[in-house]
A.B. asks: 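One structure coming up, written as C-alpha cells, with questions to follow.
Heavy-atom basis, side chains included; hydrogens, waters and symmetry copies ignored. Bear in mind the structure is a predicted one, so any value in this text is a computation, not a measurement.
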Amino acid sequence: MLIAHLSDPHVRPDGVLYQGVVDSNAQFAAAIAHVNALDPPPDLVLLSGDLVDHGHADEYAVLVRLLAPLVVPVLAIPGNHDEREAFRKAFAGQSWLPAQGPIDYVVGDRGPVRLVALDVTLPGLHHGAVNEEGAAWLDLVLAAEPSRPTIVMMHQPPFDTGIPYMDLYSCREAQRLASVVARHPQVERILCGHVHRAMQLRFAGTMLCTAPSTTTTIALRLQPDAKPASHIEPPAMLLHHWREGTGLVTHFVPIGIFPGPYPFA
C-alpha cells in the first residue's frame, strides 16, 4: 500500500499570493501533478490540514478545482486555518466525511493499512487539543481492529518541536493522546502537519512524523527567543510505503524538476 501525504497548501483565492510572496496555488497544483505521475501510483492521498489560508468559501472553491485532476482517492482533515463547516461543504459527498461535529472518521477499505483521522482543531484558535471525547472515540475505534496496521492522522503535533513560535500552537493534552496510543501497538504512525517541516520522534511506543508544506518551510530557529520566520524552499511531501514483512517505510519527496536521473546509485 502506497500513501502520498501532502500538507499545509494554504490555498488562496485566484491571483492572491500566500503572505504576499508565494503562489501557493501553483505549488499545490504542482504537488498534485507530482502525485499523479508517481509510478506505481499511490492508493491514497492524505491532506493533513491547513488546506486553505483563511477558511473562506472562495478559497475552498479553488481547492476543489485544484484537487479535481487527482486520479486517486483523497482523505483530508482540517487545520487551524480551515473553517470546519466550509471544509465540510468542500468535501460534501465523500463517504468518509461526518455530517456534523469534529472531522473524525475511519477508512479501512483502501488496503491493508487502516486510516484514522482525529480532528484536534479548536475553532477560532491556532493550537489544538485532544479532549476527553476525542480520546474516548480514538480508543474505541483502535480497539475495534487491534491487529490491523493503523495510521492516525491529525493536524497539530502533540509535542514541542523546539521552535518556540511554533510550540505556542501545538496540540495540547498530549499525555491523554499518549495514554490511548500506548494501549494499541498496531498504530504504525501518527501523521501531522502544521509545522511546515519534516520531523520525526518516538511517541507513545510508535513513530510520529510531521509533513513538510507544499508552500513554505518554517525556519529552523531553536533559540528560546527566536522570532517567527519562514523560507521559500522546494515544496515537498511524504510517501508512506507499507509492505508485508517490512512494515511502513516513510520517504521524504521533494516536489519539482531536478537534474537526473543519472545511471548510478
A.B. asks: T250 and R189: side-chain donor and acceptor closer than 3.5 Å?
C.D. replies: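 Their side chains do contain a donor-acceptor pair, which is all the 3.5 Å distance test asks for.
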
A.B. asks: Counting distance only, does the side-chain N/O of E83 pair as donor-acceptor with the main-chain N or O of E85 below 3.5 Å?
C.D. replies: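 Yes: the side chain of E83 pairs with the backbone of E85.
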
A.B. asks: Could you go through D23 and Q27, starting from their C-alpha distance and side-chain angles, then the distance that decides it, and tell me whether this counts as side-chain contact (heavy atoms from CB on, under 4.5 Å)?
C.D. replies: CA-CA 6 Å; D23 190 344; Q27 295 196 176; 5.5 Å; no

A.B. asks: Provide the closest heavy-atom pair for A178 versus F203 in the form atom of the first, atom of the second, distance.
C.D. replies: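 Heavy-atom minimum between the residues: CB-CZ, 3.8 Å.
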
A.B. asks: F91 and V11: same hydrophobic cluster, using ILVMFWY side-chain contacts below 4.5 Å?
C.D. replies: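 The answer is yes; both residues are in one hydrophobic cluster.
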
A.B. asks: Count I, L, V, M, F, W, Y as connected when their side-chain heavy atoms are under 4.5 Å apart, and connections chain through other members. Are I3 and L238 then in the same cluster?
C.D. replies: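 No, I3 does not connect to L238 through the hydrophobic network.
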
A.B. asks: I'd like to know whether CZ of R183 has more than 12 heavy-atom contacts from other residues, nucleotides or ligands below 6.0 angstrom.
C.D. replies: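 Counting other residues, nucleotides and ligands, CZ of R183 exceeds 12 neighbours.
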
A.B. asks: Hey, what do you get for CG (L47) to CD1 (I77), rounding to the nearest 0.5 Å?
C.D. replies: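 Reported value, rounded in 0.5 Å steps: 9.0 Å.
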
A.B. asks: For V187 and H184: C-alpha separation, side-chain torsions, deciding distance, then whether side-chain contact (heavy atoms from CB on, under 4.5 Å) applies.
C.D. replies: CA-CA 6 Å; V187 176; H184 300 283; 4.2 Å; yes

A.B. asks: Distance check, rounded to the nearest 0.5 Å: S179 atom OG versus E173 atom CD?
C.D. replies: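 Nearest 0.5 Å value for the OG-CD distance: 10.5 Å.
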
A.B. asks: Can you tell me if CD1 on I257 sees more than 12 non-hydrogen neighbours from other groups inside 6.0 Å?
C.D. replies: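 Atom CD1 in I257 is not crowded, with 12 or fewer foreign heavy atoms closer than 6.0 Å.
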
A.B. asks: Do you see a donor-acceptor pair shorter than 3.5 Å between the side chains of H194 and D8?
C.D. replies: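 No, because no side-chain N or O of H194 sits under 3.5 Å from a partner of the opposite role on D8.
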
A.B. asks: So do the side chains of H34 and L38 get within less than 4.5 Å of each other, counting heavy atoms only?
C.D. replies: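 When only atoms from C-beta onward are counted, L38 and H34 do touch, with a gap below 4.5 Å.
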
A.B. asks: Which class fits the ring pair H251 and H241: parallel under 30°, tilted 30 to 60°, perpendicular over 60°?
C.D. replies: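 Ring orientation of H251 relative to H241: tilted.
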
A.B. asks: I would like to know whether V180 and D139 meet side-chain contact (heavy atoms from CB on, under 4.5 Å); could you show each step before the answer?
C.D. replies: CA-CA 6 Å; V180 172; D139 198 27; 3.9 Å; yes

A.B. asks: Does any N or O in the side chain of D43 come within less than 3.5 Å of the main-chain N or O of R110, such that one atom is a donor and the other an acceptor?
C.D. replies: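 Looks like no, no N/O pair under 3.5 Å.
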
A.B. asks: With a 4.5 Å heavy-atom cut-off, do T150 and L142 have their side chains touching?
C.D. replies: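 A side-chain contact exists here, since the closest heavy-atom pair is under 4.5 Å.
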
A.B. asks: Does some side-chain heavy atom of L66 sit less than 4.5 Å from a side-chain heavy atom of I32?
C.D. replies: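 SC-SC contact between I32 and L66 ruled out.
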
A.B. asks: Between M154 and C171, does a side-chain contact (heavy atoms from CB on, under 4.5 Å) hold up when you go through it step by step?
C.D. replies: CA-CA 9 Å; M154 50 197 287; C171 177; 3.8 Å; yes

A.B. asks: Run the salt-bridge test on R88 and D82 with the 4.0 Å N-O cut-off and return the result as yes or no.
C.D. replies: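 No, no charged N to carboxylate O under 4.0 Å.
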
A.B. asks: Is the shortest heavy-atom distance from the side chain of M199 to the side chain of I163 under 4.5 Å?
C.D. replies: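 Yes - at least one pair of side-chain heavy atoms lies under 4.5 Å apart.
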
A.B. asks: Salt bridge (charged side-chain N to carboxylate O under 4.0 Å, His left out): which pairs involve residues 193-222, sequence neighbours left out?
C.D. replies: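 For residues 193-222: none.
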
A.B. asks: Restricting to ring-ring contact (aromatic ring centres under 6.0 Å, His included), what partner residues turn up for Y18, sequence neighbours left out?
C.D. replies: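 Scan of Y18 (ring-ring contact (aromatic ring centres under 6.0 Å, His included), adjacent residues dropped) gives H10.
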
A.B. asks: Is there a path of hydrophobic side-chain contacts, each under 4.5 Å between heavy atoms of I/L/V/M/F/W/Y residues, joining L17 to L63?
C.D. replies: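 Different clusters.
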
A.B. asks: Any chain of hydrophobic side-chain contacts (each under 4.5 Å) joining V71 to V253?
C.D. replies: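 Yes: a chain of side-chain contacts under 4.5 Å links V71 to V253.
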
A.B. asks: Over 60° means perpendicular and under 30° means parallel, so tell me whether H126 and H81 are parallel, tilted or perpendicular.
C.D. replies: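 Taking H81 first and then H126, their aromatic rings sit tilted (interplane angle of 30° to 60°).
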
A.B. asks: Rounded to the nearest 0.5 Å, what separates atom CD in E188 from atom CZ in R114?
C.D. replies: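 Atom-to-atom, E188:CD and R114:CZ are 13.5 Å apart.
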
A.B. asks: Taking the side chain as every heavy atom from C-beta outward, state whether L70 and V35 have any pair of such atoms under 4.5 Å apart.
C.D. replies: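 Sidechains of V35 and L70: in contact.
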
A.B. asks: Is there a side-chain contact between Y105 and L97 in this structure, where contact means two heavy atoms from C-beta onward sitting under 4.5 Å apart?
C.D. replies: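 No, every pair of side-chain atoms sits at 4.5 Å or beyond.
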
A.B. asks: How long is the gap from OG1 on T210 to CG on L201, to the nearest 0.5 Å?
C.D. replies: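 Reported value, rounded in 0.5 Å steps: 9.0 Å.
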
A.B. asks: Less than 4.0 angstrom from a charged side-chain N to a carboxylate O is my criterion; do R12 and D58 meet it?
C.D. replies: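 No.
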
A.B. asks: Calculate, to the nearest 0.5 Å, the distance between atoms OH and CG belonging to Y169 and N80 respectively.
C.D. replies: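 Y169 OH to N80 CG: 9.5 Å, rounded to 0.5 Å.
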
A.B. asks: Can you name the closest pair of heavy atoms from Y165 and A219 and give their distance?
C.D. replies: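 Residues Y165 and A219, closest heavy atoms: OH-O, 2.9 Å.
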
A.B. asks: For L168, does its backbone N or O pair with a side-chain atom of S170 as donor and acceptor, under 3.5 Å?
C.D. replies: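 No, S170 side chain to L168 backbone: no donor-acceptor pair under 3.5 Å.
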
A.B. asks: How far does NE2 of H5 sit from CG of L191, to the nearest 0.5 angstrom?
C.D. replies: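 CG of L191 is found 5.5 Å from NE2 of H5.
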
A.B. asks: Minimum heavy-atom separation for N36 to P69, with atom names?
C.D. replies: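 It is ND2-O, 3.0 Å.
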
A.B. asks: Considering non-hydrogen atoms only, spot the tightest contact between L118 and G134 and give its length.
C.D. replies: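 Residues L118 and G134, closest heavy atoms: CD1-O, 4.0 Å.
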
A.B. asks: What do you reckon, is CD of Q200 surrounded by more than 12 foreign heavy atoms closer than 6.0 Å?
C.D. replies: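 12 or below, so no.
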
A.B. asks: Is I151 linked to F159 within one hydrophobic cluster, defined over Ile, Leu, Val, Met, Phe, Trp and Tyr using a side-chain heavy-atom separation of less than 4.5 Å?
C.D. replies: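 Cluster IDs for I151 and F159 differ.
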
A.B. asks: How about M153 and V116: do any of their side-chain heavy atoms sit closer than 4.5 Å?
C.D. replies: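 No - every pair of side-chain heavy atoms lies 4.5 Å or more apart.
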
A.B. asks: Just so I know, are the side chains of V130 and P158 near enough to count as touching, which here means a heavy-atom distance under 4.5 Å?
C.D. replies: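 No. Closest side-chain heavy atoms not under 4.5 Å.
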
A.B. asks: Does the W242 side chain pair with the main chain of G111, one donor and one acceptor, at a distance under 3.5 Å?
C.D. replies: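 Side chain of W242 to backbone of G111: no pair is present.
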
A.B. asks: Can any side-chain N or O of R84 pair as donor or acceptor with the backbone N or O of P78 at less than 3.5 Å?
C.D. replies: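 No.
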
A.B. asks: For residues S48 and S7, is any side-chain donor paired with an opposing acceptor at under 3.5 Å?
C.D. replies: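 There is such a pair (donor and acceptor under 3.5 Å, judged by atom type) between the side chains of S48 and S7.
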
A.B. asks: Are more than 12 heavy atoms from other residues, nucleotides or ligands located less than 6.0 Å from atom CD of Q223?
C.D. replies: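 Enclosed: over 12 neighbouring heavy atoms sit under 6.0 Å from CD of Q223.
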
A.B. asks: Could you pull out all residues at least two apart from V64 that satisfy side-chain contact (heavy atoms from CB on, under 4.5 Å)?
C.D. replies: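 Scan of V64 (side-chain contact (heavy atoms from CB on, under 4.5 Å), adjacent residues dropped) gives A90.
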
A.B. asks: Where the side chain of D160 meets the backbone of G162, is there a donor-acceptor pair that is under 3.5 Å apart?
C.D. replies: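 No, the answer is negative, given that no donor and acceptor are paired below the 3.5 Å cut-off.
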
A.B. asks: Quick check: closest heavy atoms across F252 and P212, and the distance to 0.1 Å?
C.D. replies: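 Smallest interatomic distance, heavy atoms only, reads CE1-CG, 3.8 Å.
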
A.B. asks: Could you verify whether a donor N or O on one side chain and an acceptor N or O on the other, from T216 and H196, lie under 3.5 Å apart?
C.D. replies: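 Their side chains do contain a donor-acceptor pair, which is all the 3.5 Å distance test asks for.
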
A.B. asks: Donor-acceptor pair, S213 side chain versus T215 backbone, under 3.5 Å?
C.D. replies: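 Checking the backbone N and O of T215 against the side chain of S213, a donor-acceptor pair under 3.5 Å is found.
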
A.B. asks: Could you tell me which non-hydrogen atom of V113 sits nearest to which non-hydrogen atom of L115, and how far apart they are?
C.D. replies: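 Nearest pair, atom of V113 first, then L115: O-CD2, 3.5 Å.
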
